[in-house]
Amino acid sequence: MAGAEAALGSSSSLKTDTAPVPKTAETASVMAATSPATAAAAAVVAAVRTGSEARVSKAPLATKLLSLSGVFAVHKPKGPTSAELLNRLKEKLLAEAGISSTEWTKRKKQTLKIGHGGTLDSAARGVLVVGIGRGTKMLTSMLSGSKRYIAIGELGKATDTLDSTGRVTEEKPYDEITQEDIESILQKFTGNIMQVPPLYSALKKDGQRLSTLMKRGEVVEAKPARPVTVYSLSLQKFQPPFFTLDVECGGGFYIRSLVSDIGKELSSCANVLELTRTKQGPFTLEEHALPEDKWTIDDIAQSLQHYSSLLPAEFALKKSKAEESKEQVLSCEYITLNETKGEDDVIKTF
């Protein structure tokens, strides 16, 4: 590079401080008629200039990403865990901002915080609420509100996970169960009730998830029943052995436990075949959840601005003068991601 700069310095026809540098392809053809050394030097500088301009063009996006604060919703498909989906979202945003995975782990002056509240099973789909920036502090309070699900249960089979992903542990007849039988018992599961969480869950024992211990083959005792709230519960469809429920509940409630308990109450057994979260807090699947092709910095910024009106006034984000001043100097070179592990319905921040 020193040789290239020297060569350019001796050439009056190429001045990098006043004249625009031609594109690399153009430089090669234009300088072919001059000396090989001068042409090579111009090509090197053009390449350096192009890379520098690319970094500069990404800087506003990085600054915008780091300035995002609030709560929005994404559409989680079946397959990934909630944490895996959050990592996918994070990686897409960092890539769009031109920040490599190695770059944001180098320094710790600035932190990009992104988290989710209300874990959704890997086999489930639907609304997942995400907090970004200072919005991660809003998740615990806001998500203590209701959630709504559409669950399809299967009578006659019990599994160790209480859903279709698990190993069948029991089979019982269901032929004589009628729609009226199911409807008549739903009242028992409505209101303030006690519920035993499933063994396969994010709840912890000695700092480790119960589901992790179960997968290792360790003996795990069920957690004691705890109080939960079901605001509404109705049977939408019954086509034996399948039945569809519409459930609105509070935090800490397990649909898998509900379906299993319904099966037992009917003198049979049951597991969850499909589960969709249609509402979480004020966010609904149809109106507010961003599909993956909308996971861009601009789309999320618009969502944060548009959907801030959905939140109660006490959750409004207020910037102090110090915070506003700090946002003016955000740099894409100082991104790290911090992780705080949590249980179901507890925010996870990455």
Side-chain angles (χ1 to χ4, degrees), residues 76 81-83 115-124 126-129 131 138-151 153 158-166 169-170 182 185-216 218-235 245-266 268-272 275-281 340-349:
K76 177 196 171 301
T81 65
S82 299
H116 72 77
T119 301
L120 199 56
D121 293 339
S122 58
V127 177
L128 185 68
V129 171
M138 303 162 58
L139 291 174
T140 300
S141 297
M142 192 196 75
L143 298 179
S144 61
S146 68
K147 303 176 181 68
R148 194 162 189 169
Y149 298 87
I150 296 295
T159 69
D160 54 0
T161 60
L162 307 188
D163 65 14
S164 60
T165 66
T169 58
E170 185 179 20
I182 299 178
I185 68 169
L186 294 186
Q187 188 61 36
K188 295 183 179 181
F189 300 98
T190 305
N192 297 317
I193 63 173
M194 300 296 290
Q195 184 186 67
V196 177
L199 290 177
Y200 277 89
S201 70
L203 298 180
K204 294 182 178 179
K205 176 186 177 183
D206 300 329
Q208 296 191 61
R209 291 189 176 194
L210 297 184
S211 57
T212 301
L213 297 175
M214 290 287 290
K215 290 174 182 177
R216 289 178 186 167
E218 299 185 24
V219 177
V220 178
E221 294 183 0
K223 291 281 187 178
R226 59 184 186 177
V228 292
T229 302
V230 178
Y231 299 107
S232 65
L233 173 60
S234 61
L235 179 66
L245 300 173
D246 185 342
V247 189
E248 186 169 5
C249 57
F253 186 82
Y254 285 89
I255 302 297
R256 286 178 289 141
S257 291
L258 169 67
V259 170
S260 176
D261 290 343
I262 287 176
K264 293 175 183 177
E265 189 68 25
L266 294 167
S268 182
C269 53
N271 72 92
V272 174
L275 181 63
T276 302
R277 181 190 281 160
T278 59
K279 180 177 179 288
Q280 185 176 10
T340 301
K341 295 183 179 179
E343 299 182 359
D344 288 10
D345 291 319
V346 177
I347 65 169
K348 288 189 171 186
T349 307

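Quantities reported herein were computed from a predicted structural model and do not represent experimental measurements.
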| said: If only side-chain N and O atoms count, and only distance matters, is there a donor-acceptor pair under 3.5 Å linking Lys279 with Ser146? | reply: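 Looking only at side-chain atoms, Lys279 and Ser146 do form a donor-acceptor pair, the distance falling under 3.5 Å.
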
For [X] versus [Y], what's the shortest heavy-atom pair and its separation?
{"X": "Thr119", "Y": "Arg277", "value": "O-NH2, 3.4 Å"}
{"X": "Gly126", "Y": "Thr276", "value": "CA-CG2, 4.4 Å"}
{"X": "Leu266", "Y": "Ile182", "value": "CD1-CG1, 3.9 Å"}
{"X": "Arg256", "Y": "Asp121", "value": "NE-OD2, 2.9 Å"}
{"X": "Cys249", "Y": "Tyr149", "value": "SG-CE1, 3.8 Å"}
{"X": "Gly118", "Y": "Gln280", "value": "CA-NE2, 3.8 Å"}

| Could you walk me through whether Leu245 and Leu235 pass the side chain to side chain contact (heavy atoms under 4.5 Å, CB included) check? | CA-CA 5 Å; Leu245 300 173; Leu235 179 66; 4.1 Å; yes

How far does [atom1] of [X] sit from [atom2] of [Y], to the nearest 0.5 angstrom?
{"X": "Ile185", "Y": "Lys264", "atom1": "CD1", "atom2": "NZ", "result": "12.5 Å"}
{"X": "Ser122", "Y": "Lys76", "atom1": "OG", "atom2": "NZ", "result": "6.0 Å"}
{"X": "Thr81", "Y": "His116", "atom1": "OG1", "atom2": "NE2", "result": "7.5 Å"}
{"X": "Thr190", "Y": "Leu233", "atom1": "OG1", "atom2": "CG", "result": "4.5 Å"}
{"X": "Thr229", "Y": "Gln195", "atom1": "OG1", "atom2": "CD", "result": "10.5 Å"}
{"X": "Phe189", "Y": "Ser257", "atom1": "CZ", "atom2": "OG", "result": "10.5 Å"}

| Can Asp163 and Leu275 be said to form a side chain to side chain contact (heavy atoms under 4.5 Å, CB included), step by step? | CA-CA 9 Å; Asp163 65 14; Leu275 181 63; over 6 Å; no

Taking the side chain as every heavy atom from C-beta outward, state whether [X] and [Y] have any atom pair closer than 4.5 Å.
{"X": "Leu162", "Y": "Asn271", "value": "no"}
{"X": "Thr159", "Y": "Thr165", "value": "no"}
{"X": "Ile193", "Y": "Val228", "value": "yes"}

| message | For Asp261 and Tyr254: C-alpha separation, side-chain torsions, deciding distance, then whether side chain to side chain contact (heavy atoms under 4.5 Å, CB included) applies. | response | CA-CA 11 Å; Asp261 290 343; Tyr254 285 89; over 6 Å; no

